[in-house]
Undergrad: 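Let me begin by handing over the structure; questions about it come next.
So that the names make sense, note that chain A is the first sequence line, chain B the second, and so on, each numbered from 1.
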Amino acid sequence: MKFSRYLVPTLKEDPSDASIMSHRLMIRAGLIRKESAGMYIYLPLGMRVLRKVIDIVREEMDRSGALEFLMPELTSADLWKESGRWQTMGPEMFRIKDRNSLEYALAPTHEEAFTNAVRSIVSSYRDLPLNAYQINTKFRDEIRPRFGIMRSKEFIMKDAYSFDMDKEGLEQSYQAMRRAYRTIFKRCGIETIPVEADTGSMGGSDSEEFMVASEVGEEVLLLCPECKYKANQERAEYQRPEPANEAAEELRTVETPDVRTIDELAAFFNCSADRFLKSLIYLADGVPVMAVVPGNREINEVKLKKALGANELELAPDSVVQSVTKAPVGFAGPVNEFNVRTVCDISVKTIHNAITGANQKDRHFAGVNAGRDFIVKEEFDITSAKAGDTCPKCGSAMNERRGIEVGHIFKLGYKYTKSMNLTVLDEKGKAVHPIMGCYGIGVNRTMAAVVEQNYDEKGILWPISVAPFHVHLVGIAKADDEIAAAEEMYTSIRASGIDVLFDDRRVSPGIKFADADLIGIPIRVTVGKSFFQNDEIEIKLRRQSEIVKVRHEELLTKLRTIIEEEASRLRG
RNA sequence: CGGGAUGUAGCGCAGUCCGGUAGCGCGCUGCGUUCGGGACGCAGAAGCCGGGAGUUCAAAUCUCCCCAUCCCGACCA
């Protein structure tokens, strides 16, 4: 491809609305442009990268035995009503009507659509196992799209759904995907950390997320340096400290005028935050519940929601807090009897002589002991693990890192096959529900993650597997014969089947080199002075600073060798 | 949805406090000189100053309303 005939609108300055490197670089390098919030245009160069990522995903999915489909984006409301998610999906699902007022969703995911398709097509155990996938656009009305193509309203996802006769089959399908995912991300040139994960609104049991470690990641991961325990904070467990051996004090009331927050209380009582029991009022599906956790701990709403079995969970407004506790916000506690459901973190009963709100304005209780002063009726793990907490498996102190979720695999179970009544006949002619697994990869998010992990101060450093071109040929030619020679070079490289971008623009060399660095094609070939005078062609890898000079006739062989070397580093 | 900020040429920004003919840098077009790490000169094109309403002789600038974008939080595969 000739640069002069291509369209690569590189920018010298950072766009004002891009906060993370991958977003900045993808816009500056002319890969994408913003159309509006959460919607992006893929320019030709960006499209090439996207296609390479898609090709890798498709190859590995096909290799795993999965079958590619293409599903409608418009999914009829009936399907969603069948599974019950028309209600539970909430406002993130785009809902539209056609001219006859029939309702549809712009698919945010395709469990229903695939289950329905398989239901109507497959009727025998002989057709299973089946892993059906597609690479298609998804729509989500994100509360806050951000970070460019990392979180957008419209994004490309590879989603796969496996159907097996039994749990053993599902396990095999799941493991096949685990392997395929590791290969896919390795081939894309990114390091991922597979972590245990929450299954979210999809429902299910075993679940693994593939995270790209990144400062700007939206997920928090807990990693044990000793054993292999790795989990998303949404789900990470941790061991609670042993209770201190303390004699129980008398329960007493303390006047605490205007002391509400844990920080204020710690200062007022001159003790550490873990001495307090923090009591928060939530609305679980609209019903008030109280959650009690140690004062130095954050409530984990994902865990709480799951513990409560709730679909919707939100912090209750002040008015509800007041009507439940009969006190202003800041003085809630578990000691008095309420007729609201109260759930405690599993550590609550180990805290002796705690301080809690007294459910009266400006009063707290001190010397509170679970079991004596209030009964722990329900206890769950409802607090978030954090750096330094002890690993649930081996007891070592865990580390915290941030990550970007690029892939997610999990065992779905029977949720959709039962709710939508998908059955096949087994060997004995009996109708059984297949068991499902679900496997997603954020394709354009993966592309962003590649950049997030591969750049320097000058621009992107594409791994050769997803680079828009393999070779960036920079022609620095003045005279007509030089221009012709550079052109000839381009023709011969291209004729040899190497993917080459030829910068034939009539601009100064500085601009060409700066653009080459910014765009980040892995191999740069320069034909200039040294070529026209000494027949020496310069080869420079984007990741390295050395320049290798080769003679004309060696060039193609050398390029093939480098391409092969670069590619072999990324093979699974 | 709460808190904060910003909307002025394709991009990055000044001008707004204190009302008086729309500016700078980059990019773009033409001509010339340059030509191995973002060259230079000359000449150009390009803006309903986010939208609406108001105040005023006069509004990018003041007032009110709306919209959009970004950041933090809440929320979310």
Undergrad: For B:rC35 and A:Arg506 - does any side-chain N or O of the residue sit under 4.0 Å from the phosphate oxygens OP1/OP2?
TA: no
Undergrad: Provide the Watson-Crick or G-U wobble partner of B:rA22, both distances under 3.5 Å; none if there is no partner.
TA: none
Undergrad: Are side-chain heavy atoms of A:Thr10 and A:Arg28 found at a separation under 4.5 Å?
TA: no
Undergrad: Can you find a side-chain donor-acceptor pair between A:Glu538 and A:Ser530 that sits under 3.5 Å?
TA: yes
Undergrad: Using the C1' atom in both, what is the distance from B:rC11 to B:rU69, to the nearest Å?
TA: 16 Å
Undergrad: Is B:rA43 paired to anything, Watson-Crick or G-U wobble with both distances less than 3.5 Å, and if yes, which nucleotide?
TA: B:rU29
Undergrad: Both distances below 3.5 Å, Watson-Crick or wobble geometry, any strand: find the nucleotide opposite B:rG7.
TA: B:rC67
Undergrad: Tell me the interatomic distance from A:Asp14, atom CG, to B:rU69, atom P, rounded to whole angstroms.
TA: 21 Å
Undergrad: Quick one: is A:Ser508 getting a side-chain N or O under 4.0 Å of the B:rA39 phosphate, OP1 or OP2?
TA: yes
Undergrad: For residues A:His552 and A:Phe531, establish whether the separation of their ring centroids is below 6.0 Å.
TA: yes
Undergrad: When the C1' atoms of B:rU16 and B:rU8 are considered, how many whole Å apart are they?
TA: 11 Å
Undergrad: Any N or O donor-acceptor pair under 3.5 Å from the base of B:rG3 to the side chain of A:Arg144?
TA: no
Undergrad: Of the nucleotides B:rC26, B:rG37, B:rC1, which one has an atom closest to the side chain of A:Arg524?
TA: B:rG37
Undergrad: Applying the Watson-Crick and G-U wobble criteria at under 3.5 Å, what pairs with B:rU61? Answer none if nothing qualifies.
TA: none
Undergrad: Name the closest nucleotide to the A:Arg146 side chain, picking from B:rC71, B:rG37, B:rG27.
TA: B:rC71
Undergrad: With a non-hydrogen cut-off below 4.0 angstrom, is A:Glu209 in contact with a base, only sugar-phosphate, or nothing?
TA: nothing
Undergrad: Given the C1' atoms of B:rG20 and B:rA43, what is the spacing between them in whole Å?
TA: 31 Å
Undergrad: Using the P atoms only, state how far B:rG4 lies from B:rU21, rounded to an integer number of Å.
TA: 35 Å
Undergrad: Determine which nucleotide pairs with B:rG2, using a 3.5 Å limit on both distances of a Watson-Crick or G-U wobble pair.
TA: B:rC72
Undergrad: Please report, rounded to the nearest Å, how far the C1' atom of B:rU69 is from the CD atom of A:Glu142.
TA: 17 Å
Undergrad: Output the rounded distance in Å from CG (A:Asp517) to P (B:rG37).
TA: 13 Å
Undergrad: A:Asp17 CG to B:rC13 P: how many Å, rounded?
TA: 9 Å
Undergrad: Under a 3.5 Å cut-off for both contacts, is B:rU56 paired Watson-Crick or G-U wobble with anything, and if yes, with which nucleotide?
TA: none
Undergrad: Could you work out which one of B:rG36, B:rG37, B:rC13 sits closest to the side chain of A:Thr526?
TA: B:rG36
Undergrad: Please check the phosphate of B:rG37 (OP1 and OP2 only) for any side-chain N or O of A:Lys540 closer than 4.0 Å.
TA: no
